[in-house]
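Values in this document were obtained by computation on a predicted structure and should not be read as measured data. Numbered from 1 within each chain, the chains take letters A, B, ... in sequence-line order.
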Number of protein chains: 2
Amino acid sequence: MARNAETTGTSSTAVGRLSPAKVEQKIAEFHGRLKERGFKSTGQRDDIAAVFFELGRHVSAEELYDEVRKRNPHVGYATIYRTLKLLKECDLLYERHFDDAQARYEAAGEQHHDHFICERCGRIIEFKNDELERLQQVVARELGVALLRHKVELYGLCSDCRKSARN
Amino acid sequence: MARNAETTGTSSTAVGRLSPAKVEQKIAEFHGRLKERGFKSTGQRDDIAAVFFELGRHVSAEELYDEVRKRNPHVGYATIYRTLKLLKECDLLYERHFDDAQARYEAAGEQHHDHFICERCGRIIEFKNDELERLQQVVARELGVALLRHKVELYGLCSDCRKSARN
DNA sequence: TTCCCTGCAAAAGTTTTGCACTACT
DNA sequence: AGTAGTGCAAAACTTTTGCAGGGAA
């Protein structure tokens with residue numbers, strides 16, 4: 001059989017804003033999960049969640065705060081952080097710690113993926129490679145450890161920045 | 001031929017204290033590189049570097065500060081951070097950002113490696129897997145990006161913690 | 001002797017918390 | 001009505017910086 005490791009392929013996903021309908025759906029999901037867990041839905045939580053899902057992925061708390069305040073200038077940082085924590089508990093977002101000091105938050109999608117981060121322009125590309133996933137299990141087995149989660153981050157220059165670097 | 005990807009194998013390295021002779025050697029190297037770069041050698045820098053290399057890898061600034069002050073109670077946090085930055089500029093240490101808020105510092109070794117971090121006891125195991133390295137280059141090529149550096153971190157339970165978790 | 005280095009304290013940047021008040025359910 | 005949520009400000013935590021005094025070359 002000719003299939004080798006390379007055939008596994010790497011897929012990259014586009015990140016971007018969700019359609020208004022999708023945002024509505026996410027908010028509805030948030031409501032449900034809050035209720036399940038005994039928390040309340042509030043106007044602020046809805047505003048924050050809506051802005052978060054509209055913006056797309058990899059926002060910092062600061063960016064989110066600025067955007068939310070355009071819509072609702074009363075919201076404080078504390079509520080932003082508390083709501084981000086709630087969204088995390090509801091499995092609707094992941095918290096990422098790339099090399100910056102500040103955390104970035106990403107809407108939880110269906111499937112696991114890893115990240116490439118451009119060191120020049122900050123662009124983040126998500127990708128998935130099955131062979132890479134499998135190898136990490138192999139490594140874990142060889143180390144005798146139980147793998148709960150993992151993080152693969154590639155840093156470098158994205159294709160656009162490579163071009164401008166050549167000038 | 002029976003050699004397949006698996007044969008690449010995973011090697012894990014033991015991290016630990018350096019012998020006094022090795023520490024001396026590292027300090028001498030530090031002196032040389034400071035001079036090359038137009039910096040001075042001082043008692044504090046020597047103390048900090050000595051304690052850093054004696055302790056072994058993956059220390060936080062706080063741990064280093066506490067240990068250094070056992071030897072020299074006069075040293076301030078600022079000098080710890082400034083000296084860590086110098087050691088980094090001298091290519092004698094790497095700064096790592098695992099999931100904690102605080103950075104951890106590791107003596108620069110000869111070869112690149114990745115990390116497994118035990119989420120229960122905090123133990124850090126270094127490992128190297130050539131196939132994993134190669135695959136990352138493949139992914140970078142498929143994404144059309146230039147790879148400058150990368151980070152692979154596995155999180156889970158180390159063998160000891162797996163055992164005690166079974167009780 | 002000349003700067004660089006050091007320690008202290010204060011600042012900076014991100015995230016959390018205490019408290020009185022507000023508003024969901 | 002009752003309890004959880006909110007905003008503000010202050011605290012917490014890690015790391016950096018300004019400045020006056022001290023020490024290496």
Side-chain angles (χ1 to χ4, degrees), chain A residues 27-28 30-52 58-69 71-90 93-105, chain B residues 27-28 30-52 58-69 71-90 93-105:
Chain A
I27 307 256
F30 188 30
H31 284 179
R33 301 203 187 174
L34 282 176
K35 181 169 258 178
E36 276 172 21
R37 290 163 175 75
F39 298 115
K40 292 177 181 170
S41 293
T42 70
Q44 289 93 324
R45 287 178 181 175
D46 287 356
D47 286 342
I48 294 167
V51 171
F52 171 69
H58 309 116
V59 223
S60 66
E62 189 185 2
E63 288 161 358
L64 188 59
Y65 173 80
D66 291 342
E67 289 298 323
V68 167
R69 283 179 75 103
R71 170 172 317 194
N72 182 346
H74 249 270
V75 175
Y77 257 113
T79 305
I80 298 284
Y81 279 108
R82 288 190 273 231
T83 303
L84 285 170
K85 191 169 286 178
L86 275 178
L87 283 162
K88 186 160 73 170
E89 279 180 48
C90 292
L93 78 69
Y94 298 131
E95 185 176 341
R96 305 275 182 198
H97 294 263
F98 300 133
D99 269 359
D100 314 87
Q102 63 195 10
R104 305 193 86 83
Y105 303 88
Chain B
I27 306 258
F30 189 30
H31 285 177
R33 301 202 187 174
L34 283 175
K35 181 171 257 178
E36 277 172 20
R37 290 163 174 75
F39 297 114
K40 292 177 180 170
S41 293
T42 69
Q44 288 93 326
R45 287 179 182 175
D46 287 357
D47 286 342
I48 293 167
V51 171
F52 172 68
H58 309 118
V59 224
S60 66
E62 189 184 2
E63 287 161 359
L64 188 59
Y65 173 81
D66 290 342
E67 288 299 322
V68 167
R69 282 177 76 102
R71 172 172 317 195
N72 182 347
H74 249 271
V75 175
Y77 256 114
T79 305
I80 298 283
Y81 278 108
R82 288 190 274 233
T83 303
L84 284 169
K85 191 169 284 180
L86 276 177
L87 283 161
K88 186 160 74 169
E89 279 180 47
C90 291
L93 76 70
Y94 298 131
E95 185 176 340
R96 305 274 182 199
H97 294 264
F98 300 133
D99 268 358
D100 313 89
Q102 63 196 10
R104 306 192 85 81
Y105 302 88

Euclidean distance, atom [atom1] of residue [X] to atom [atom2] of [N] [Å, nearest integer]:
X	N	atom1	atom2	value
B:H97	C:dT14	NE2	C1'	14 Å
B:Y77	C:dC8	OH	P	13 Å
B:D100	D:dT15	CG	C1'	15 Å
A:R69	D:dT6	CZ	P	15 Å
A:Q102	C:dT14	CD	P	5 Å
A:R82	D:dC8	CZ	P	11 Å
A:E95	C:dT14	CD	P	14 Å
B:R104	D:dT15	CZ	C1'	16 Å

Side chain to side chain contact (heavy atoms under 4.5 Å, CB included) evaluation trace for A:T83 with A:V75
CA-CA 11 Å; A:T83 303; A:V75 175; over 6 Å; no
Taking 4.0 Å as the cut-off, does a side-chain nitrogen or oxygen of [X] come that near to OP1 or OP2 on [N]?
X	N	value
A:K85	C:dT16	yes
B:T79	C:dT6	no
A:Y81	C:dT16	no

Answer yes or no: is there a side-chain heavy-atom contact under 4.5 Å between [X] and [Y]?
X	Y	value
B:E63	B:R104	yes
A:H31	A:D46	yes
B:K85	B:Y81	no

Atom pairs under 3.5 Å: protein N/O with N/O of nucleotides 22-25 of chain C:
from, atom 1, to, atom 2, distance (Å)
C:dC24, O3', A:S41, O, 3.0
C:dC24, O2, A:K40, NZ, 3.1
C:dT25, OP1, A:S41, N, 3.4
C:dT25, OP1, A:S41, O, 3.4

Among C:dT6, D:dT6, D:dT16, the one nearest B:R45 by side-chain distance:
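Among the listed nucleotides, the one closest to the side chain of B:R45 is C:dT6.
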Any residue of residues 59-66 of chain B with a heavy atom less than 4.0 Å from an atom of DNA chain C
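The answer is none.
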Start with the C-alpha distance between A:T79 and A:T42, add both sets of side-chain angles, then the distance that settles side chain to side chain contact (heavy atoms under 4.5 Å, CB included), and finish with yes or no.
CA-CA 11 Å; A:T79 305; A:T42 70; over 6 Å; no
Report the residue (A:G76 or A:G38) whose heavy-atom-nearest nucleotide on DNA chain D is the more 5′ of the two.
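Result: A:G38.
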Sidechain-backbone polar pair: A:R37 side chain, A:R33 backbone, donor-acceptor under 3.5 Å
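Yes.
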Looking at every heavy atom in both A:A49 and A:F30, which two are closest together, and how far apart are they?
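Closest heavy-atom pair between A:A49 and A:F30: CB-CD2, 3.7 Å.
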Non-hydrogen atoms of A:Y105 and A:F52 that approach each other most closely:
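Closest approach of A:Y105 to A:F52, heavy atoms only: O-CE1, 3.7 Å.
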Run the side chain to side chain contact (heavy atoms under 4.5 Å, CB included) check on A:H97 and B:F98 step by step: do they pass?
CA-CA 8 Å; A:H97 294 263; B:F98 300 133; over 6 Å; no
